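I have placed the structure first, in the form of structure tokens, so that the comments after it can refer back to it.
The basis for the numbers below is simple: all heavy atoms, side chains too, and nothing from hydrogens, waters or symmetry mates. These numbers were taken from a predicted model, which means no experiment stands behind them. Note that the numbering runs from 1 along the sequence shown for the chain.
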Amino acid sequence: MLDVLLGLISALECALEGVSFAGDAGVPVPAGVVLGLVSGASLLLRRRWPIAVVLVSVAVTPASMGLVLSVVGLYTLAASDVPRRITAALAGMSGAGTFIVTFVRMHQSVAGGEYDPGRWYVPLVSVVMSLGITGPPLLYGLYIGARRRLMESLRERADSLERELSLLADRAEERAEWARTEERTRIAREMHDVVAHRVSLMVVHAAALQAVARKDPEKAVKNAALVGDMGRQALTELREMLGVLRATDPQSVAVLVDPVPLAAVGAAAAAAAAAAEEGPCLADIEALVGQSREAGMVVELLVQGEARGCDALVEQTAYRVVQEALTNVHKHAAGAKVRVRLAYRAGEVAMQVENGPADGVTADAGLPSGGNGLVGMRERVTALGGVFVSGATDAGGFRVSAVLPDRMPAIS
């Protein structure tokens with residue numbers, strides 16, 4: 001609507017000025033009116049072809065028509081995305097045309113009159129008219145164009161930031177889901193290691209208790225006491241685990257809601273390391289082997305290298321690997337001989353649990369297996385940057401081996 005209104009005003013103005021132009025040029029008045037209408041109506045094309053509109057205004061300047069056409073055309077040209085050198089060239093042409101026409105008209109008026117204002121008057125008026133018609137629309141158009149481009153840039157930047165925030169939110173949700181999954185897996189591993197080993201030993205001792213209850217009451221009493229000790233140890237470890245979970249509950253919540261997931265995961269890792277301080281260590285492996293011996297297993301423990309302290313999480317992982325391997329022997333190779341090796345090397349600690357084939361005499365305790373023991377051991381070891389290998393031996397037994405770094409990398 002604005003373009004139509006400006007086009008009508010410009011066409012009427014040029015048509016009226018075309019009447020004067022026709023009289024001065026000696027052409028028919030209708031021709032001057034038609035020329036003015038066509039020239040003024042070209043303003044309708046200012047948004048699509050601003051250069052053409054300015055060129056038309058420059059072309060009709062000698063006919064003293066197109067003031068609205070020139071002003072609006074220059075404004076539109078300056079506000080558009082036309083290269084600045086083209087804008088400057090066309091503005092210079094428009095200003096020069098206005099100066100020349102004004103100079104000639106003023107000179108004729110002064111020469112034909114009786115009053116002589118001086119030699120400076122005509123050039124000064126011509127310069128003022130040229131700058132007054134060309135300068136304001138040009139400067140205002142440049143300002144509007146720059147402001148428009150700035151607003152578009154800000155909108156694009158806001159859209160880009162919104163997309164980045166959306167991606168960050170999606171990534172944070174993925175990290176939070178990953179943290180929840182890791183926490184569930186860690187808790188499942190701990191529960192499996194604590195419950196499976198103790199309960200397996202309790203089942204083995206209960207079976208032995210049932211076998212000797214009538215024949216050897218003293219041994220039955222001893223086995224009953226061992227079953228009670230195993231049950232108390234299992235309850236103690238479960239209480240410790242539940243206590244750790246309650247103590248680290250705020251940090252677990254932080255993992256789920258922290259907008260910087262990496263920092264939250266680092267906090268969770270630090271919490272897990274802190275929890276490991278109260279867990280089992282390498283020094284407890286001898287007692288662990290002793291429990292299996294008391295359950296009737298033939299176990300040999302070999303320690304190579306000078307014993308030294310490692311990171312708490314490393315020692316707990318090594319203990320759990322040996323514990324789960326012995327539990328698997330109780331479940332799947334009843335009566336088999338077992339050899340446990342623990343080696344302290346430069347910068348790492350290695351452990352290996354190897355059992356021979358089942359003797360075929362010892363009764364199977366009928367312990368259930370969920371098939372998660374080896375998976376849990378592998379996850380524990382690889383999470384600390386270690387190496388885990390398991391598989392059957394040529395002698396018909398089974399071997400579990402793991403190598404762990406004795407120090408955990410610092411979390412920044």
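Without hydrogens or angle criteria, Ser160 side chain to Glu156 main chain gives no donor-acceptor distance under 3.5 Å. Looking only at distances, no side-chain donor or acceptor of Ser166 sits under 3.5 Å from a matching main-chain atom of Glu162. The closest donor-acceptor contact from the side chain of Thr134 to the backbone of Ser130 lies under 3.5 Å.
Here ring pair (Phe, Tyr, Trp, His ring centres under 6.0 Å) pairs that include residues 126-164, with residues two or more places apart or in two chains, are Tyr75-Tyr140. Sequence neighbours left out, the pairs with a member in residues 68-87 that pass salt bridge (Lys or Arg N to Asp or Glu O under 4.0 Å) are Asp81-Arg149. Evaluation of the salt bridge (Lys or Arg N to Asp or Glu O under 4.0 Å) test over residues 34-48, restricted to residues two or more places apart or in two chains, returns Asp3-Arg46, Asp3-Arg47.
To the nearest 0.5 angstrom, Leu302 atom CG is 10.0 Å from Gln352 atom CD. To the nearest 0.5 Å, atoms CZ (Arg171) and CD (Glu174) are separated by 8.0 Å. Put simply, CG on Leu404 and CZ on Phe388 are 10.5 Å apart, with the number rounded to the nearest 0.5 Å. The structure places CG of Leu326 at 9.5 Å from CG of Asn355, a figure rounded to the nearest 0.5 Å. Expressed to the nearest 0.5 Å, how far CG of Leu282 lies from CG of Leu288 amounts to 11.5 Å. Interatomic distance, CD of Glu177 versus OG1 of Thr181, reported as 4.5 Å (0.5 Å rounding).
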Item to complete: Test side-chain contact (heavy atoms from CB on, under 4.5 Å) on Glu315 and Asp311 and set out the steps.
Response: CA-CA 6 Å; Glu315 293 201 9; Asp311 282 354; over 6 Å; no

Worksheet entry | Test side-chain contact (heavy atoms from CB on, under 4.5 Å) applied to Arg308 and Asp406, step by step | CA-CA 9 Å; Arg308 63 179 185 276; Asp406 59 358; 3.3 Å; yes

Item to complete: Would you check, one step at a time, whether the test side-chain contact (heavy atoms from CB on, under 4.5 Å) holds for Met93 with Leu55?
Response: CA-CA 9 Å; Met93 292 173 57; Leu55 289 176; 4.3 Å; yes

Practice prompt. Start with the C-alpha distance between Arg341 and Glu354, add both sets of side-chain angles, then the distance that settles side-chain contact (heavy atoms from CB on, under 4.5 Å), and finish with yes or no.
Written response: CA-CA 9 Å; Arg341 293 187 179 92; Glu354 181 179 349; 3.7 Å; yes

Practice prompt. Take Glu173 and Arg180, measure what salt bridge (charged side-chain N to carboxylate O under 4.0 Å, His left out) needs, and give me the verdict at the end.
Written response: CA-CA 10 Å; Glu173 181 62 27; Arg180 286 191 290 266; 3.4 Å; yes

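The minimum heavy-atom distance between Gly356 and Ala336, with the atom names listed, is O-CB, 3.2 Å. Contact detail for Leu77 and Pro50: the closest heavy-atom pair is CA-CB, 4.0 Å. Residues Val56 and Leu69 share a closest heavy-atom pair of CG1-CD2, 3.9 Å. Counting all heavy atoms, side chain and backbone alike, Leu74 lies closest to Ser94 at CD1-OG, 3.8 Å. Here the shortest heavy-atom pairing between Thr87 and Ala78 reads CG2-CA, 4.1 Å. Residues Leu342 and Met351 come closest through the heavy atom pair CD1-CB, 4.2 Å.
Applying the salt bridge (Lys or Arg N to Asp or Glu O under 4.0 Å) criterion to Arg147, with sequence neighbours excluded, gives no partner residue. Residues passing the side chain to side chain donor-acceptor pair (under 3.5 Å) test with Arg378, sequence neighbours excluded: none. Evaluation of the side chain to side chain contact (heavy atoms under 4.5 Å, CB included) rule for Arg293 yields Val289, Val299, Leu301 as partners, not counting sequence neighbours.
Side-chain contact check for Met297 versus His330: some heavy-atom pair is nearer than 4.5 Å. Side-chain atoms of Leu374 and Asn328, non-hydrogen and from C-beta on, do get closer than 4.5 Å to each other. Side-chain contact between Val127 and Phe103: absent, with no pair of heavy atoms (C-beta onward) separated by less than 4.5 Å. Contact of the Phe398 side chain with the Val329 side chain is not registered, since no non-hydrogen atoms from C-beta on lie closer than 4.5 Å. Here the side chains of Val338 and Val298 are not in contact, with every heavy-atom distance at 4.5 Å or above. In this structure the side chain of Cys281 never reaches within 4.5 angstrom of the side chain of Tyr319, judged on heavy atoms. Counting heavy atoms from C-beta outward, Arg399 and Val353 have side chains that stay 4.5 Å or more apart. Taking 4.5 Å as the limit, every side-chain heavy atom of Pro280 sits out of range of all side-chain heavy atoms of Gln323.
Taking the charged nitrogens against the carboxylate oxygens, Glu300 and Lys337 have no contact shorter than 4.0 Å, which rules out a salt bridge. A salt bridge links Glu348 with Arg345: the closest approach of a Lys/Arg side-chain nitrogen to an acidic carboxylate oxygen falls below 4.0 angstrom.
For the side-chain contact (heavy atoms from CB on, under 4.5 Å) test with Met377, the passing option among Thr382, Thr317, Val321, Val322 is Val321; the others fail.
The environment of Glu152 atom CD is dense: over 12 non-hydrogen atoms of other residues, nucleotides or ligands sit within 6.0 angstrom.
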